[in-house]
Amino acid sequence: MHTPMTGEFDAAGTAIEGALLGMAVEGEKPGGHHSGDGDGSCLNCGAALSGAFCNRCGQKARIHRSFAAIWHDILHGVLHFDGKMWRTLPMLAFKPGQLTRRYVHGERAGFISPMALFLFSIFLMFAIFSFTGGSAASNTDRLAESQQISAMITALEKKTEALKLDVQNGTADKTELLEAREELVSAKQALNIVAKLENQALPYPDAGIGKDESDRIVSFDSDIKTGIKWLDDRLLSGAKKANSNPSLLIYKLRSNGYKFAWLLIPLSLPFVWLATMGAGGGLRVYHLYDHAVFTTYSIAFMSLLFLLCSLLARSGLSFAWFALVIVPPVHLYKQLKYAYQFNRLSTILRLVLLLAFIAIILALFFLTLLFLGILG
């Protein structure tokens, strides 16, 4: 059983993993921060040392072999990326266009790379949501929701028992009983979802649908026809499982959302290219790499913004969600204008186009997650 404590250990491990992955993308070497000229040969490649770093492989001349150095490396990766974090985040928040442009044009030593920041933001989001229960809803709201669903389950159980007697006596139709059972199963599954969000044991682990009733509830799987037999069979089987246990499908969607968040980048690139077509006076001024930097920095910022708003809302500041309506368009405007050097009118027109594209991108991303969840 997945206990809250296990989830917290998993979350901590994921945060560290994300930081270390970010360090790997940045190309940073583990080790302490003591500076000074080294003498002798590099312990990694054997080259003669003439400074604080090896001229051949880049390893630091002075290395540590203490246990404290291991924790220093972890904290170094999680907290500051050698100081780059505190230079990158303010620019990402307030001058995203300048950050994108400066990074594309070669100023990279002082900033975190887009991919490293993206990885760190996604893993940080996963870790924090694992600690806090995965939602901005308060504990009071969750308790009230659980109580309402429990009351509904009690009422539906009484209704089902009464309909059973009526069917036996011939005073009610069997269809009514089947519909009542479907409502009861749905309510139990909804309570399971709330328990899953709180990392609690499922109150109705066997809340499924009998074979005789499953055919009535399966509806969206009948039109799944790709022409590939094994794929059609997998989709049909997955759809039936999703209908009988939607809480499991929601869990898969959440899990896959973190695992496949990187898909947002390739999905966005064609649309960013279309929205910025003609930038700089020609189609060849900006390359796919430039659009990738723009896209990755933007997604990293939106991830961190969503995380911040979620934490603020969970703390009782429910109006923080309004920031998700106001901030993204403003941020995209500034990033478009200064990264691609558009004038004001051109930026506004391209922003409107890009916002429409974002709706398409998110729909494609959700459909991909749904497909993967059903496919299992």
Side-chain angles (χ1 to χ4, degrees), residues 2-12 14-15 18-19 78-79 85-86 88-90 92-94 96 117-150 152 189-200 202 246-247 249-261 264 297-335 355 358-359 361-363 365-366 369-370 373:
H2 183 80
T3 63
M5 184 61 70
T6 303
E8 291 176 2
F9 280 123
D10 290 343
T14 304
V78 172
L79 297 178
M85 180 71 80
W86 312 122
T88 306
L89 287 182
L92 180 65
F94 302 108
L117 189 59
F118 169 77
L119 287 173
F120 184 77
S121 65
I122 294 300
F123 278 96
L124 183 65
M125 184 185 299
F126 173 81
I128 291 180
F129 282 169
S130 295
F131 274 116
T132 60
S135 173
S138 67
N139 292 332
T140 303
D141 293 337
R142 288 267 174 77
L143 179 60
E145 186 178 6
S146 298
Q147 291 174 345
Q148 290 176 357
I149 298 174
S150 297
M152 183 186 301
Q189 290 168 344
L191 193 59
N192 282 344
I193 292 172
V194 176
K196 178 75 73 174
L197 293 176
E198 291 289 346
N199 288 324
Q200 296 176 354
L202 302 185
S247 60
L249 178 62
I250 292 175
Y251 176 78
K252 288 181 178 179
L253 289 176
R254 288 179 56 199
S255 178
N256 287 338
Y258 295 115
K259 292 178 182 177
F260 296 99
L264 286 169
Y297 268 141
S298 180
I299 295 175
F301 172 80
M302 299 305 170
S303 301
L304 293 173
L305 176 65
F306 179 78
L307 176 60
L308 177 62
C309 291
S310 298
L311 293 177
L312 290 176
R314 191 176 179 84
S315 301
L317 303 176
S318 57
F319 61 86
W321 289 117
F322 288 107
L324 291 180
V325 178
I326 299 171
V327 175
V330 174
H331 190 270
L332 281 172
Y333 173 86
K334 296 182 69 174
Q335 192 174 8
L355 289 175
I358 288 173
I361 293 165
L362 292 177
F365 181 64
F366 175 77
L369 295 183
L370 184 60

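In what follows, every heavy atom counts, from backbone to side chain, and hydrogens, waters and symmetry copies are set aside. Because the structure is predicted, anything quoted here is derived from the model rather than measured.
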Separation of L92 CG from M85 CE (nearest 0.5 Å): 10.0 Å

From L312 atom CG to L307 atom CG, the distance as rounded to the nearest 0.5 Å: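 L312 CG to L307 CG: 9.5 Å, rounded to 0.5 Å.
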
For the student: nearest non-hydrogen atoms of W321 and A313, plus distance: NE1-CB, 3.2 Å

Heavy-atom pair with the smallest gap, counting every atom of Q335 and S298: OE1-CB, 3.4 Å

[X]: what forms a side-chain contact (heavy atoms from CB on, under 4.5 Å) with it, not counting sequence neighbours?
X	answer
F322	F319
A323	C309, V327
F94	none

Please list, one pair per line, the donor and acceptor atoms closer than 3.5 Å that link side chains of residues 118-126 to other protein atoms, with sequence neighbours excluded.
from: S121; atom 1: OG; to: L117; atom 2: O; distance (Å): 3.3
from: S121; atom 1: OG; to: F118; atom 2: O; distance (Å): 2.7

Aromatic ring pairing F301/H331, orientation class (parallel under 30°, perpendicular over 60°, tilted between): parallel

